[in-house]
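Worksheet: one structure, shown below.
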Amino acid sequence: MSQPLIAPVLGAPRTLAEFPRWHADFRRVFEDRLMTTLAPLLAEMPTRLSEAVRYAVLDGGKRLRPMLVVLGFSLTASSGARGALPDLSAAELEALWPAAIAIELIHCYSLIHDDLPAMDNDDLRRGKPTVHRAFDEPTAILAGDILQTLAFDLLTQTPATGKTAPDIQLTWVRLLARGATDMVSGQQLDLTPPTPAPKEDDLGRMHRLKTGALLRSALLMGAATAQPDDPLHAILEQFIDPLGLAFQIQDDILDATGTAAQLGKTPGKDAAQAKYSYVTVLGQSTAQHRLEETIEDALAALAPLGDTAEPLRACAHYVLTRNH
């Protein structure tokens, strides 16, 4: 039986079969901690802005990026082990929350801005109206702006534990800033694709920035919390780079095949807007093949880690099989 995801320990998924329950438990605990952390910050904002931030951040999302923070820490903290990961203590988990919450705030800011009329002009996100539809466009822009600044404030104002806390916090800021910068660069490439139509390599570069960079930052922020400089980081990078690309390919496939109820957002947007994606450029069959290839590349990178990497293998399977 897997450990419950509650204090004083954080159980890690030991097997693929345990992952769905672990993921659901993680989301529940993360949601509670997110609300606790945001409550005093929201109280200092103008009411309409705080309502928009709460609407955008709480009660939704896969919470994949904060989950990767925790898994990156777990694997690096147990570096050298070749069996199941040990549980995290309450103190270890406490040290991870700033990084886990900050990266989710950056992700939520990116979703708000991505949905704006000047960008993707979407009406639905996480099964409800987008922030600019539920409130208004200026408020949505400001909600995204404040989430970005809150993320970095959280990293610097919340003390980490241990002797190297300032060094860890500085590393968090650097990794998060790099991921956010690359993400914005990828968004620009998405808005201004090359002419004539992009090739597969162009799509890969765009999505490694737009989607993959923040996933990479999440995993490495967790790893850096355990060991700022560890050979394991290179293996984690070899894993997360193809996994981030696979995540976006699956997004493109789901956009072409899913429903609004299933996805929580408007399906068919890529084709309707003549937008370049793996499906519109390569076709659905080839896109599916690329998805499977990139997952295989991610899994191959984990081979040196043995059974210790089972949680990340389960995460890769989730990316391959998710339907939302």
Side-chain angles (χ1 to χ4, degrees), residues 26-27 29-61 63-70 72-73 90-116 126 131-132 135 138-185 187 213-226 228:
F26 175 83
R27 290 170 64 188
V29 174
F30 178 78
E31 206 80 28
D32 288 345
R33 187 52 187 254
L34 181 61
M35 182 66 255
T36 300
T37 301
L38 283 181
L41 303 174
L42 293 173
E44 297 177 356
M45 299 179 197
T47 301
R48 187 166 180 80
L49 182 60
S50 69
E51 289 174 348
V53 168
R54 184 190 301 269
Y55 181 88
V57 173
L58 298 175
D59 302 323
R63 309 307 191 194
L64 176 62
R65 289 150 193 83
M67 179 179 70
L68 285 170
V69 172
V70 171
F73 177 90
E92 289 172 324
L93 182 56
E94 191 67 24
L96 288 174
W97 284 131
I101 293 172
I103 203 154
E104 185 68 7
L105 297 187
I106 292 290
H107 175 56
C108 290
Y109 124 70
S110 76
L111 298 182
I112 295 173
H113 282 197
D114 195 44
D115 290 334
L116 289 169
R126 293 177 173 174
V131 177
H132 69 277
F135 293 84
T139 299
I141 292 171
L142 293 175
D145 291 345
I146 204 165
L147 283 173
Q148 184 176 194
T149 54
L150 282 177
F152 288 100
D153 181 62
L154 182 62
L155 293 184
T156 57
Q157 296 302 320
T158 304
T161 59
K163 297 179 182 178
T164 58
D167 292 337
I168 290 173
Q169 290 174 306
L170 183 60
T171 300
W172 282 349
V173 169
R174 178 177 57 80
L175 287 169
L176 187 58
R178 171 50 54 194
T181 299
D182 286 347
M183 177 188 69
V184 172
S185 294
Q187 181 68 61
L214 210 57
L215 297 177
R216 177 182 180 275
S217 291
L219 192 63
L220 293 182
M221 287 170 75
T225 310

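Here, residue 1 is the first one in the sequence, and each next residue gets the next number.
In this structure a side-chain-to-backbone donor-acceptor pair under 3.5 Å is missing from R33 to E94. Side chain of S50 to backbone of A43: no donor-acceptor contact under 3.5 angstrom is found.
Remark: L176 CG to T181 OG1 distance equals 9.0 Å, nearest 0.5 Å. How far CG of L38 is from CG of L105: 6.0 Å, rounded to the nearest 0.5 Å. The CD1 atom of I101 sits 8.5 Å away from the OG1 atom of T36 when rounded to the nearest 0.5 Å. A distance of 11.5 Å separates CG in L147 from NE2 in H107, rounded to the nearest 0.5 Å. Note that the CG atom of L155 and the CE atom of M221 stand 5.0 Å from one another [nearest 0.5 Å]. Atom CD1 of I168 and atom CG of L96 lie 9.5 Å apart (nearest 0.5 Å).
Shortest non-hydrogen contact noted between V69 and A99 is CG1-CB, 4.1 Å. The two residues G179 and L214 come nearest to each other via the heavy atoms C-CD1, 3.9 Å. Scanning all heavy atoms of the two residues, the minimum distance from A140 to L116 falls at CB-CD2, 3.9 Å. Closest heavy-atom contact between G144 and I112: N-CD1, 4.0 Å. In terms of heavy atoms, D182 sits closest to A213 at CB-CB, 3.4 Å. Between A224 and T171, the shortest heavy-atom distance links the atoms CB-CG2, 3.7 Å.
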Could you check L219 against L215 for side-chain contact (heavy atoms from CB on, under 4.5 Å), going step by step and ending with a plain yes or no? CA-CA 6 Å; L219 192 63; L215 297 177; over 6 Å; no
Using the side-chain contact (heavy atoms from CB on, under 4.5 Å) rule, take V131 and T139 through it: C-alpha gap first, then chi angles, then the decisive distance, then the call. CA-CA 8 Å; V131 177; T139 299; 5.7 Å; no
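Relative ring orientation between F26 and F30 is described as parallel, the plane-to-plane angle staying below 30° on a 0-90° scale split at 30° and 60°.
By the 4.5 Å heavy-atom criterion applied to side chains, R63 and L34 are counted as neighbours. Between I106 and Y109 there is a side-chain heavy-atom pair separated by less than 4.5 Å. R126 has its side chain within reach of C108: a pair of non-hydrogen atoms, C-beta onward, lies under 4.5 Å apart. Residues D145 and H113 have side chains in contact (heavy-atom distance under 4.5 Å, counting atoms from C-beta outward). Contact annotation: the side chain of L142 never approaches that of M45 to less than 4.5 Å [non-hydrogen atoms, C-beta and beyond]. With a 4.5 Å cut-off on side-chain heavy atoms, L220 and R178 do not count as touching.
Using modelled atom types and a 3.5 Å distance limit, the side chains of W172 and T156 yield no donor-acceptor pair.
In this structure, R54 places its CZ atom where only 12 or fewer heavy-atom neighbours from other residues, nucleotides or ligands lie under 6.0 Å away.
For the side-chain contact (heavy atoms from CB on, under 4.5 Å) test with L42, the passing option among V53, I146, V57 is V53; the others fail.
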